[in-house]
4 protein chains.
Amino acid sequence: MTQSSQAASGKVTKLNRVERNAWTKRKIFDAATKVVGKYGYAEASVARITEEAGVAQGTFYNHFENRQELLDQLLPKIGIDMVHFIRERTGTAHAARQEIERFSAFFDFIREVPEFLRILNEAEYFAPIGYQKHLDNIATAYVRILRRARHAGAIIDYSDEEFEAIVHMLMGARGYLSRRYSYVGGNVTAAPEHVISAYQKLVTRGLFVPERKNGHDR
Amino acid sequence: MTQSSQAASGKVTKLNRVERNAWTKRKIFDAATKVVGKYGYAEASVARITEEAGVAQGTFYNHFENRQELLDQLLPKIGIDMVHFIRERTGTAHAARQEIERFSAFFDFIREVPEFLRILNEAEYFAPIGYQKHLDNIATAYVRILRRARHAGAIIDYSDEEFEAIVHMLMGARGYLSRRYSYVGGNVTAAPEHVISAYQKLVTRGLFVPERKNGHDR
Amino acid sequence: MTQSSQAASGKVTKLNRVERNAWTKRKIFDAATKVVGKYGYAEASVARITEEAGVAQGTFYNHFENRQELLDQLLPKIGIDMVHFIRERTGTAHAARQEIERFSAFFDFIREVPEFLRILNEAEYFAPIGYQKHLDNIATAYVRILRRARHAGAIIDYSDEEFEAIVHMLMGARGYLSRRYSYVGGNVTAAPEHVISAYQKLVTRGLFVPERKNGHDR
Amino acid sequence: MTQSSQAASGKVTKLNRVERNAWTKRKIFDAATKVVGKYGYAEASVARITEEAGVAQGTFYNHFENRQELLDQLLPKIGIDMVHFIRERTGTAHAARQEIERFSAFFDFIREVPEFLRILNEAEYFAPIGYQKHLDNIATAYVRILRRARHAGAIIDYSDEEFEAIVHMLMGARGYLSRRYSYVGGNVTAAPEHVISAYQKLVTRGLFVPERKNGHDR
DNA sequence: TATGAATGAGAATTCATTCAT
DNA sequence: AATGAATGAATTCTCATTCAT
């Protein structure tokens, strides 16, 4: 083992049994991310994933019960990365403006992790368990945000049940918009200005109350 | 009563060659709708479809070039049915209220054709050509509606480009909402009241100008 | 039916039942020749042949018991054409020189009927009955020629049994040579000079006695 | 005794991974030889071959990219065996007599490997890549032999180009003769005496100069 | 734990032949 | 006699999973 490969593994000394195990599992996981991002779930055969990971096919089944189990873990894991990414890019402005920040950050994340979009969109049918988990994660966090905004007076007139519906609309809007506008000639691009402005108008007017000088939440 | 009108009436005694041909194609098509709606595109093998249709596998290839060709025809065909269905259920009220009618009609259509949702949602990956065709159909018609509303003064302050983005948001919203709320215990149900009200609030406030006594479009 | 198509059929007036029948059979036969010559027996599906002939698939079975029957008729029919063609191009010179004329004429025939080579060569495996018939036709005629030459004193020291072997050698030589030298860049070409001279040397010296002034056969 | 030498000896107790792998591939190869020899390439389906080999169909594709790849390897491999076989049976007599030895040895080889003839003859159409490879192998070696004979004075008056043509004639002659005379009632038999004598006369007189007391080549 | 050959159930598609009209 | 839709067996190839080493 060379120094550089040790460095890449994050360890400097020889790996013990547990670490080697985790390291192999990680290799398979990362390979799956790459493969699904590039070819989609349907083409993500165990053969392709293990080849990309540089391990034998049999090794796969030492770490995952079966192909589906891995596929179902893919989206939730990346989904959490996304939540962190967006949270870091959201400031303390008025709630309506924060929502626009989140919207933009979502598109930024797609550019950061181009595999995400495909993994997200196909998951509903190829990794339904993972998809559900992801959706619950996001919806829960999102509803909490809206509630907080309502508590701060930035939203009125929406019930908790309606929040849940709103959250699905916003997620759906993002999904369709990203599919439509994130790809130009095979490359992942930033959201066009008019897309952001349209989202801003719809959401700001439709969901939030007009911002006043002292209307900051938190 | 002519032979052809006999065929159309569903009460068939004897069909001529052309009618028999169309009838068989139709059987395959309907079987595919059923199968894809129930099992999804991935599981819609030619064997399954032809079995459902009650014809031999080889017969399939007398009517469709290959499996994909049929799959790509599925969504656009049903999509057009949907457009007609919604149009029939849309009155002449104020534009904002018409949009809510369309929203409700969409959910009604899903109950009418429960296969539609799955055929629509999976199409992006399993029948991309058909999906694109469908999306274009819908987006074009939808943008035209919004423009007319703007011309009638029911919408202001949105550009054509923004309309396109809005249309994708609305389609995305419907898609996610229908996935979340249309199924209860395996049955297709009507949209809950709070979903309709949330949509109504978001869209009415976000997209349209407040309705005045003389604010009808057209 | 137009005048020109009547002319093409070789008939000027309306065709009666028998003639129509023969005409259809002929169309199928010619189509098969074309198709096998271009794509080979293996790709000569009934669908392809009938399409080329401009008739329905079912029509095929009104004229031929099955696909194989037609294929087996192909080679013997053209083989007879070849025999006539070669015979017409053979003069009354010394037997050895006649053999060279036949050899050259064989290559000329290939250029005249470019389908022949493929039909001949593949027939052994795809139309074995027809192949055998053809081989018998040719061998019989060829042996007769050699016997006549022996009777005329142009060949000595070969028995009838040996003649049969010689004939197979000569046919084999032609077959391999034509495969090797008749195609250049997809086109059928004349036999190169050195091929003819090599054949001439081998056969003239190996089979015939040296030509004398009065050594003409016949 | 090493493991590998155990394998080579045919008496096998335990094979290691590499040996097992080679052993399986060999089983498939041998099965293909048998099947093609008996039924021809066209009937040599993967199902038939793997059944004959006693392995699962899927196993086939662990060892060969596809069906055609195997078929194209068949003839060149056996062709090399044939060359060795013939070379071993060729003495140091005069070149003309050596040629007769080779001719006889060819027929002996067919009796040794009865599958060869069919594998050879059909290859042109079913395994064209393998056929070309084989033909090149043989023609190259054959021309080299003729040149050596010319250098030794046993052949005069033939150019290199003519040699190539001669070689094709000899190969064609053998091919046709073997088809005609090697099978009697389903069994492979030796070449009849009159066939050998006819070949001997034609080639000895047609290609070589009369043998003198000191006319040995080499 | 890692390996990779072996498995066998299916997948899409082709095509000679039949047969009702 | 002509038609052409219907048939279904057979083909090649894929791939998740198993298991002996």
Side-chain angles (χ1 to χ4, degrees), chain A residues 17-18 20-21 23-25 42-51 54-68 70, chain B residues 14-18 20-25 28 42-50 53-68, chain C residues 17-18 20-21 23-25 42-51 54-68 70, chain D residues 14-18 20-25 28 42-50 53-68:
Chain A
R17 223 194 298 242
V18 174
R20 268 192 68 79
N21 200 358
W23 169 240
T24 301
K25 184 164 185 172
E43 310 283 310
S45 64
V46 173
R48 216 172 212 170
I49 293 170
T50 51
E51 193 195 25
V55 300
Q57 281 201 55
T59 303
F60 185 95
Y61 292 89
N62 292 330
H63 296 276
F64 299 93
E65 195 64 35
N66 52 40
R67 175 177 175 266
Q68 197 59 48
L70 165 60
Chain B
K14 273 278 177 65
L15 301 173
N16 65 26
R17 195 117 75 169
V18 173
R20 271 190 69 81
N21 200 12
W23 169 244
T24 302
K25 184 164 187 172
I28 295 173
E43 309 286 310
S45 65
V46 173
R48 220 173 210 168
I49 292 170
T50 50
V55 300
Q57 282 203 48
T59 302
F60 184 96
Y61 293 90
N62 290 332
H63 296 276
F64 299 93
E65 197 67 35
N66 52 41
R67 176 178 174 266
Q68 196 58 48
Chain C
R17 223 194 298 244
V18 174
R20 266 193 69 78
N21 200 358
W23 168 239
T24 301
K25 184 164 186 171
E43 308 285 308
S45 63
V46 173
R48 217 173 211 168
I49 293 170
T50 51
E51 195 196 24
V55 301
Q57 282 201 53
T59 303
F60 185 96
Y61 292 90
N62 291 330
H63 296 276
F64 299 93
E65 195 65 37
N66 53 39
R67 177 178 174 265
Q68 197 59 48
L70 165 60
Chain D
K14 272 282 175 65
L15 300 174
N16 66 24
R17 193 118 75 172
V18 173
R20 271 190 69 80
N21 199 11
W23 170 243
T24 302
K25 184 164 187 172
I28 295 173
E43 308 287 309
S45 66
V46 173
R48 221 172 209 169
I49 292 170
T50 50
V55 301
Q57 282 203 46
T59 302
F60 184 95
Y61 293 91
N62 290 332
H63 296 275
F64 299 93
E65 196 68 36
N66 51 42
R67 175 178 174 268
Q68 196 59 47

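This is a predicted model, so every value here is computed, not measured.
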Inset, instruction - Using a 4.0 Å heavy-atom cut-off, write out nucleotides 5-12 of chain E from 5' to 3' as B (base contacted by protein), S (sugar-phosphate only) or - (no contact). - result: SBBB--SS

State which residues pass side chain to side chain contact (heavy atoms under 4.5 Å, CB included) with [X]; sequence neighbours excluded, sorted by chain then number.
{"X": "Ala42(D)", "answer": "Phe126(D)"}
{"X": "Asn62(B)", "answer": "none"}
{"X": "Glu43(A)", "answer": "Tyr39(A), Arg48(A)"}
{"X": "Glu51(C)", "answer": "none"}

Integer-rounded Å distance: [N] [atom2] and [X] [atom1]:
{"X": "Lys25(A)", "N": "dA2(E)", "atom1": "NZ", "atom2": "P", "value": "12 Å"}
{"X": "Phe64(A)", "N": "dT18(F)", "atom1": "CZ", "atom2": "C1'", "value": "18 Å"}
{"X": "Trp23(A)", "N": "dA2(E)", "atom1": "CH2", "atom2": "P", "value": "13 Å"}
{"X": "Gln68(C)", "N": "dC15(E)", "atom1": "CD", "atom2": "C1'", "value": "14 Å"}

Inset, instruction - Extract the stems that DNA chain F is part of, considering only consecutive pairing runs of at least three Watson-Crick or G-U wobble pairs, both distances under 3.5 Å. - result: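 If one scans DNA chain F for consecutive Watson-Crick or G-U pairs, the stems found are E:2-21 with F:2-21.
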
Inset, instruction - With sequence neighbours left out, write down each residue that passes side chain to side chain donor-acceptor pair (under 3.5 Å) with Asn21(D), or none if nothing qualifies. - result: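 Testing Asn21(D) for side chain to side chain donor-acceptor pair (under 3.5 Å), a comparison that skips the adjacent residues, returns His63(D).
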
Inset, instruction - Side-chain contact test, heavy atoms from C-beta onward, threshold under 4.5 Å: evaluate it for Thr59(C) versus Thr50(C) and give yes or no. - result: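 When only atoms from C-beta onward are counted, Thr50(C) and Thr59(C) do not touch, as no gap falls below 4.5 Å.
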
Legend entry - Point-to-point distance, once rounded to the nearest 0.5 Å, from CG of Asn66(D) to CZ of Phe60(D):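 Spacing of CG (Asn66(D)) from CZ (Phe60(D)) equals 7.5 Å.
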
Legend entry - Closest heavy-atom pair and its distance - Arg67(A), Ser45(A):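 In this case the closest contact between Arg67(A) and Ser45(A) is NE-CA, 4.4 Å.
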
